[in-house]
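Count residues from 1 along the sequence. These numbers come from a predicted model, not from an experiment.
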Amino acid sequence: MKYAAAWSAIACDVLETPYPYGAAHASRGPEDVDVTPEKLHPAFHGSYDWHSSAHMQWSLVRLLALAPDEAGSRPIEVLDRRLTTAAIATEAAYLRERPSYERPYGWAWAAMLAAATRTTKWAEATGPLADVIAELVLDWLPRQAYPVRHGAHLNSAFALSLLLEAYDDLGRGEVVGAIRSRAVDWFHNDTAYDTRFEPSGTDFLSPALSEAELMRRVLPAAEFTDWLHAFLPNLGTTEHQHLLELPVTDDSGDGQLAHLSGLALSRAWQLRTIAPSLPNVAEALKTGADRQIDAVLPTVTDGDFMSTHWLVSFALLAHQA
């Protein structure tokens, strides 16, 4: 894999960068104020925040699977220090005590990590993490009356796509069934989605394409094609062309504006996955995806820390699609 060595190196670098770190820890009292990253989150410290640490570790596991020689031994050493039974037990307990923490984005990436490690030496350690997130998902989905449709961490469709993949790989049919049912409830009747107001200023997801990517996983192929024509009519021809173009990006060190580089990569991933369902415009969608990847790729490894601490994961999604 062309980028495996560089992506592995930067993922290890950022995971071993302890600060800055945004704990997002809600203290319950004066005795609950010790937010030293490694003490608070022995598995998911570094890489700026909990969810980025989770998905950059997923990136290392994927790179080890895709290109073990290029990835080298350093990712194994990094993962060995974090994916221990004791560290994951602490993380699982933290999630149980705070059932809305990192919901749903962090849950999704942590579940993806657990799924990616299911056939590795870290499987026994990460199993309890998958179990607690499954419990949380099954409790949360019936209570969430409406989906979140914006382009950042709370986006429902993006998280459900990853959770569906993870728990399908883990053989957890009850979780997969709950996700499929909720996706249909929330999104099946959507038509003529208006993308004129995408992106918002700090998006790293396209609400429209995230929804399409989820429904691709949920619906039978022929039904999905019909749904997609109704949801994004004329995609790839006369409408929604801005989704195929590079958003204005910023690598100045502003963490919120850095999201737009991730938007280019997540769009590319989603355009590539839905392209086969629209054969008449598939090449146009793939060209739009390629254009966005090529423009952002240097930032993945050579950008500011506010970009490099998370972009490898989205680059991997885009390249594997």
No-hydrogen, no-angle side-chain donor-acceptor test under 3.5 Å, [X] and [Y]:
{"X": "E124", "Y": "T85", "value": "no"}
{"X": "D254", "Y": "S252", "value": "no"}
{"X": "Q144", "Y": "R182", "value": "no"}

Under 3.5 Å: donor-acceptor pair, side chain of [X], backbone of [Y]:
{"X": "N234", "Y": "T237", "result": "no"}
{"X": "T117", "Y": "T120", "result": "no"}
{"X": "Q57", "Y": "A43", "result": "yes"}
{"X": "N155", "Y": "H150", "result": "yes"}
{"X": "S8", "Y": "A5", "result": "no"}
{"X": "S181", "Y": "G177", "result": "no"}
{"X": "E213", "Y": "L209", "result": "no"}
{"X": "W227", "Y": "F187", "result": "yes"}
{"X": "W122", "Y": "A114", "result": "no"}
{"X": "R217", "Y": "L214", "result": "no"}

> Could R96 and D131 be called an ion pair, given the rule that one side-chain N must be under 4.0 Å from one carboxylate O?
Replying inline: no
>> What I want to find out is whether R267 reaches E198 closely enough, with some N-O distance under 4.0 Å, to be called a salt bridge.
In response: no
> Where does the angle between the aromatic ring planes of Y105 and W109 fall among parallel (under 30°), tilted (30 to 60°) and perpendicular (over 60°)?
Replying inline: perpendicular
> Parallel under 30°, tilted from 30 to 60°, perpendicular over 60°: which one fits the rings of Y94 and H41?
Replying inline: perpendicular
4.5 Å side-chain heavy-atom contact, [X] and [Y]:
{"X": "W58", "Y": "S313", "result": "yes"}
{"X": "L317", "Y": "H55", "result": "no"}
{"X": "R62", "Y": "M1", "result": "no"}
{"X": "L160", "Y": "V218", "result": "no"}
{"X": "L95", "Y": "I133", "result": "yes"}
{"X": "T17", "Y": "H309", "result": "no"}
{"X": "Y3", "Y": "H319", "result": "yes"}

> Which residues, ordered by chain and number, are linked to L154 in its hydrophobic cluster, where ILVMFWY side chains connect at heavy-atom gaps below 4.5 Å, directly or through other members?
Replying inline: V148
> If you draw a 6.0 Å radius around CD in E245, do more than 12 non-hydrogen atoms from other residues or ligands fall strictly inside?
Replying inline: yes
[X] [atom1] to [Y] [atom2] distance, which is reported to the nearest 0.5 Å:
{"X": "T202", "Y": "D250", "atom1": "OG1", "atom2": "CG", "result": "12.0 Å"}
{"X": "D302", "Y": "L297", "atom1": "CG", "atom2": "CG", "result": "9.5 Å"}
{"X": "L285", "Y": "L278", "atom1": "CG", "atom2": "CG", "result": "6.0 Å"}
{"X": "F314", "Y": "S59", "atom1": "CZ", "atom2": "OG", "result": "9.5 Å"}
{"X": "L66", "Y": "W7", "atom1": "CG", "atom2": "CH2", "result": "10.0 Å"}
{"X": "L271", "Y": "H240", "atom1": "CG", "atom2": "NE2", "result": "12.0 Å"}

ILVMFWY cluster, [X] and [Y] together (side-chain gap under 4.5 Å):
{"X": "I274", "Y": "V281", "answer": "yes"}
{"X": "I293", "Y": "L244", "answer": "yes"}
{"X": "Y48", "Y": "Y19", "answer": "yes"}

>> So which atom in R272 and which in A321 form the shortest heavy-atom distance, rounded to 0.1 Å?
In response: CB-CB, 3.7 Å
>> Looking at every non-hydrogen atom in both residues, tell me the closest pair between G303 and T308 and how far apart they are.
In response: O-CG2, 3.3 Å
>> Under 6.0 Å between ring centres: does that hold for H153 and F204?
In response: yes
> Looking at residues at least two apart in the chain, or sitting in another chain, which of them share a side chain to side chain donor-acceptor pair (under 3.5 Å) with H45?
Replying inline: R82
